[in-house]
Amino acid sequence: MTENTQQGPARGPQDSTPALPTTYAPAEVEGALYERWVERGYFEADAKSDKPPYTIVIPPPNVTGSLHLGHAFEHTLIDALTRRKRMQGYETLWQPGMDHAGIATQNVVERELGKEGKSRHDMGREAFVERVWQWKNESGGQISGQMRRLGDGVAWSRERFTFDEGLSKSVQTIFKRLYDDELIYRAERIINWCPRCLTAISDIEVEYEEDDGELVSIRYGEGADSVVVATTRAETMLGDTAVAVHPDDERYRHLVGRTIKLPLTERSIPIVADSHVDPEFGTGAVKVTPAHDPNDFEIGQRHGLPAITVMDEHAVITTHGPFQGLDRFEARSAIVAALRAEGRIVSEVRPYRHSVGHCSRCKTTIEPRLSMQWWVKVAPLAKAAGDAVRDGRVTIHPQEMEKRYFDWVDNMHDWCISRQLWWGHRVPVWYGPNGEQICLGPDDEPPAGEGWTQDPDVLDTWFSSALWPFSTLGWPEPTESLAKFYPNSVMLTGYDILFFWVVRMMMFGLYAMDGQVPFGTIALHGMVRDQFGKKMSKSFGNAVNPLDWMDKYGSDALRFTLARGANPGVDVPIGEDWVQGSRNFANKIWNATRFALMNGATVAGPLPAPEQLSATDRWILSRLNSVVAEVDAYYDDFQFARLSDTLFHFAWDEVFDWYVELSKTTFTGGGEAARVSGRVLGEVLDVVLRLLHPVIPFVTETLWTTLTGAESVVIADWPADSGFRDPAAEAEIAEVQRVVTEVRRFRSDQGLQPGQRVPARLTLGGTLLAPHEEAIRQLLRLQPAAEDFHATATLPVAGATVELDLSGAIDVVAERKRLAKDLAAAEKEKDQAERKLGNEGFLAKAPEQVVAGIRTRLAAAESDIARITAQLAALPQG
RNA sequence: GGGCGUGUAGCUCAGCGGUAGAGCGCCGCCCUUACAAGGCGGAUGUCGGCGGUUCGAAACCGUCCACGCCCA
């Protein structure tokens with residue numbers, strides 16, 4: 001029972017509350033409901049509260065983004081978790097905010113500038129950054145309005161942005177600490193360079209794809225001293241500084257240590273032996289371009305080779321007369337043509353499929369580039385991140401995902417954190433006129449004097465996102481919020497960003513918060529796919545705007561569909577038909593509640609003791625409590641699909657179908673029995689609506705407040721299993737369901753219309769069915785047997801007999817067919833059971849209850865066979 | 001190339017050792033006074049193939065085939 005339940009005499013809702021509209025129209029009311037929740041501050045979190053904390057931070061969406069189905073999915077799940085915890089009495093914080101999305105945002109604003117015929121270089125860094133802020137304030141963050149549509153119960157007063165003042169201070173603080181601990185360093189290495197975004201990106205921002213390229217074999221040197229090398233990137237030969245062969249390769253042993261002339265140039269390059277060369281690939285000899293290939297860079301390091309950069313940041317050739325000014329792909333053809341003219345092309349394979357890296361942001365082919373960048377030395381941080389999961393301080397759901405996590409943290413490369421952008425946290429390092437390099441904390445003044453300049457690069461957006469679980473709470477200040485809400489309870493996000501984000505939060509959380517994990521649980525969800533299980537993409541044309549479906553079917557319908565598809569870590573397909581189905585469910589709840597209210601459903605007064613209840617009432621209450629327990633267990637295990645499905649079937653099939661139908665005669669009968677059932681129905685609805693609220697908050701709010709007259713289901717108590725179970729009542733109702741189903745099948749086989757009244761005589765004496773005669777008659781449209789009653793069909797069911805008078809209209813053929821089919825099924829069942837019971841191994845080794853179960857089945861099958869055989873014999877010939 | 005995963009009803013997916021399930025779709029009947037966004041009834045599967053373990057396999061093991069994802 002809820003704290004809002006009002007004591008006192010029963011009152012119909014008509015007395016004090018407006019009747020529900022006859023039509024369920026979600027789009028018209030959802031917005032107002034949400035605004036009221038926000039105004040009343042239900043979603044705000046109080047750091048001074050003495051309730052236990054429950055914290056989830058939003059995986060911050062890009063400031064450039066708008067709500068897509070992936071967000072809708074993730075937010076539905078987080079909202080369900082936090083709404084339930086709030087109802088359970090936790091001080092619940094769902095922390096909202098966005099990230100500044102360095103590359104994406106800069107791209108957006110640069111495109112705008114482009115339309116005005118300007119570039120960011122025309123306006124300068126400071127003015128450009130100001131312009132981006134202006135864009136952010138005017139056009140950014142559309143998603144927060146859309147989150148309201150969805151019903152997200154976030155603490156809006158705490159909304160944060162990775163680039164706001166406080167979070168920027170967090171970034172600078174941790175940078176300085178890592179720098180001082182020598183976990184951040186600067187080094188010249190080969191990095192992944194995007195010649196379109198004009199910045200370095202980290203390894204995980206590179207997407208590899210099979211592309212059609214070409215494999216060209218080129219002869220270097222002359223005559224007997226020549227070697228043939230194969231390459232897919234002929235244009236880089238201008239930067240070759242060696243040819244490498246395997247040290248054990250007999251074919252080339254005589255050449256190692258000698259030099260060879262590099263075609264098209266005046267340079268001679270050495271032939272070196274390196275055990276990393278694969279003698280099986282191509283000719284076994286490879287060209288070495290240390291400035292344009294990561295593997296070649298390593299060979300170069302091992303052999304002290306120079307690294308010659310032959311392209312600029314746009315990937316345009318900068319050297320060698322005829323090729324200068326060509327971009328890399330033009331240069332490739334030109335160089336192959338030039339080599340062919342010299343007779344140096346030994347073979348060409350075209351197309352040659354091979355794996356090529358692309359910028360995850362703009363799909364441009366990555367150009368490995370030698371450059372000076374900032375790095376995080378991840379080894380000690382990743383070790384700690386791995387250990388936290390290994391020793392159980394952090395658990396991953398579903399558990400199978402742990403392996404992927406370990407594979408990643410245990411083999412992580414240093415993280416390139418500098419980006420050649422203007423929009424982002426600038427590296428807080430200054431260089432002095434005499435080669436000084438100092439790192440500034442947030443409270444330090446930049447060095448005075450001539451000749452000091454700040455590093456021009458900014459930090460990877462993930463660097464600031466990694467601080468999100470604590471920077472949003474005020475870190476590095478020792479705030480009350482930080483004390484109350486850190487560590488977070490759960491990190492719920494997609495498995496696709498386990499490496500991008502989760503690992504980084506783990507590393508930085510453990511480091512910044514003195515070994516305290518950022519969250520106790522990582523719950524991973526899958527990706528939203530279309531109704532055929534295909535990945536959604538704009539280019540494929542199957543992307544859906546969730547707002548359209550929310551307009552059409554209501555936010556609850558979208559949410560329920562997503563929750564119902566959410567198996568842990570598994571992709572969830574979604575189609576419009578399914579959203580429509582969820583809308584139908586909401587509509588069903590709506591109408592069932594209307595019906596209940598019209599029939600005196602109430603939460604007023606104490607629930608009558610079991611002795612005062614009918615078996616039907618005890619049955620539904622018994623089931624209700626089982627469902628409460630099941631749903632709770634599913635919630636604790638992030639089984640959104642199962643809890644949604646459980647509630648769907650319990651509400652629709654059991655409450656709104658069987659219970660309501662079985663109780664109709666009670667309600668029409670009036671009196672004390674009707675009053676008692678009204679109270680039970682009120683109780684069941686109250687609990688079901690509260691159980692459903694976290695998943696479908698809007699429709700449940702309207703119905704629950706109407707039913708109870710209380711303020712809001714958002715702040716209602718979460719239902720608890722009272723422990724009440726009544727197996728006898730459950731068995732009794734199962735018998736009722738069985739007889740009703742059997743007779744309905746008979747009626748249907750006989751071609752009777754569903755509403756057609758048929759005279760019948762029920763012999764129920766001594767069976768569990770006896771108290772339910774009225775309800776059974778009602779459900780089966782059976783009229784009392786009159787004087788001239790003449791049974792033309794006799795159905796023995798569950799120890800009782802139902803005789804019908806179809807006035808000779810019985811369809812013997814249909815009935816014989818039906819019975820023959822049932823007989824065959826029963827005989828098959830009997831066969832299987834007998835075979836098992838005749839198996840000594842089974843009897844000896846199977847658990848007792850399984851054997852008993854088979855015995856029961858055998859008995860049931862035998863009685864079915866007897867019953868059906870009798871029915872067949874009783875049928876008129878014909 | 002390495003790793004992970006998936007193949008169950010027309011579609012999308014649960015089930016993961018003890019009678020094959022759901023939603024949607026399909027067929028038939030019905031506007032039965034909460035709901036046609038509904039009700040009643042029905043059909044539909046050698047649980048990818050082949051071996052093995054087991055009293056018993058959709059489930060466990062091996063293998064093959066077909067897809068997917070991640071990493072190189």
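Below, chains carry the letters A, B, ... as their sequence lines are ordered, and counting in each starts from 1.
The cationic group of A:Lys664 lies under 6.0 Å from the six-membered ring centre of A:Phe595 and within 45° of the ring axis, placing it in a cation-pi geometry.
Qualifying side chain to side chain donor-acceptor pair (under 3.5 Å) partners for A:Asp293, counting only residues two or more places apart in sequence or in other chains: none. Partners of A:Asp548 according to the side chain to side chain donor-acceptor pair (under 3.5 Å) rule, which considers only residues two or more places apart in sequence or in another chain, do not exist here. Judged as a ring pair (Phe, Tyr, Trp, His ring centres under 6.0 Å), and not counting sequence neighbours, A:Trp193 has no contacts. In this view, A:His772 satisfies the ring pair (Phe, Tyr, Trp, His ring centres under 6.0 Å) rule with no residue, not counting sequence neighbours.
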Show me the donor-acceptor pairs, under 3.5 Å and distance only, between side chains in residues 824-836 of chain A and residues at least two apart or in other chains.
from, atom 1, to, atom 2, distance (Å)
A:Glu829, OE2, A:Arg857, NE, 2.8

May I have the list of side-chain donor-acceptor pairs in residues 641-649 of chain A shorter than 3.5 Å, sequence neighbours left out?
from, atom 1, to, atom 2, distance (Å)
A:Ser644, OG, A:Phe640, O, 2.7
A:Asp645, OD1, A:Arg564, NE, 2.9
A:Asp645, OD1, A:Arg564, NH2, 2.6
A:Thr646, OG1, A:Arg642, O, 2.7
A:His649, ND1, A:Asp653, OD2, 3.0

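Taking the six-membered ring for Trp and the full ring otherwise, the centers of A:Phe73 and A:His525 sit less than 6.0 Å from each other.
With the 3.5 Å cutoff on both pairing distances, Watson-Crick and G-U pairs in RNA chain B assemble into runs of at least 3 at B:1-7 with B:65-71, B:10-13 with B:21-24, B:26-30 with B:38-42, B:48-52 with B:60-64.
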Could I get a table of every N or O pair under 3.5 Å where one atom is in the protein and the other is in nucleotides 4-8 of chain B?
none

Can you name the atoms? Protein N/O to nucleotides 36-39 of chain B N/O, anything below 3.5 Å, with the distance.
from, atom 1, to, atom 2, distance (Å)
B:A37, O4', A:Asn584, OD1, 3.0
B:A37, O2', A:Asn587, ND2, 2.6
B:A37, N1, A:Tyr24, O, 3.3
B:A37, N3, A:Arg583, NE, 3.0
B:G38, OP1, A:Asn584, ND2, 3.2
B:G38, O3', A:Lys588, NZ, 3.3
B:G39, OP1, A:Lys588, NZ, 3.3
B:G39, OP1, A:Trp652, NE1, 2.8

Please tabulate, one pair per line, each protein N/O and nucleotide N/O from nucleotides 11-13 of chain B that are separated by under 3.5 Å, including the distance.
none

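Residue pairs meeting the side chain to side chain donor-acceptor pair (under 3.5 Å) criterion with at least one member in residues 737-746 of chain A, sequence neighbours excluded: A:Arg745-A:Asp822. Screening residues 576-599 of chain A for salt bridge (charged side-chain N to carboxylate O under 4.0 Å, His left out), with sequence neighbours left out, gives A:Lys552-A:Glu576.
Remark: A:Gln753 is in phosphate contact with B:C30, judged by side-chain N or O atoms under 4.0 Å from OP1 or OP2.
Closest to the A:Phe648 side chain, of the nucleotides B:G23, B:C71, B:A34, is B:G23. Listed candidates were B:A22, B:C24, B:G41. Nearest to the side chain of A:Asp577 is B:C24.
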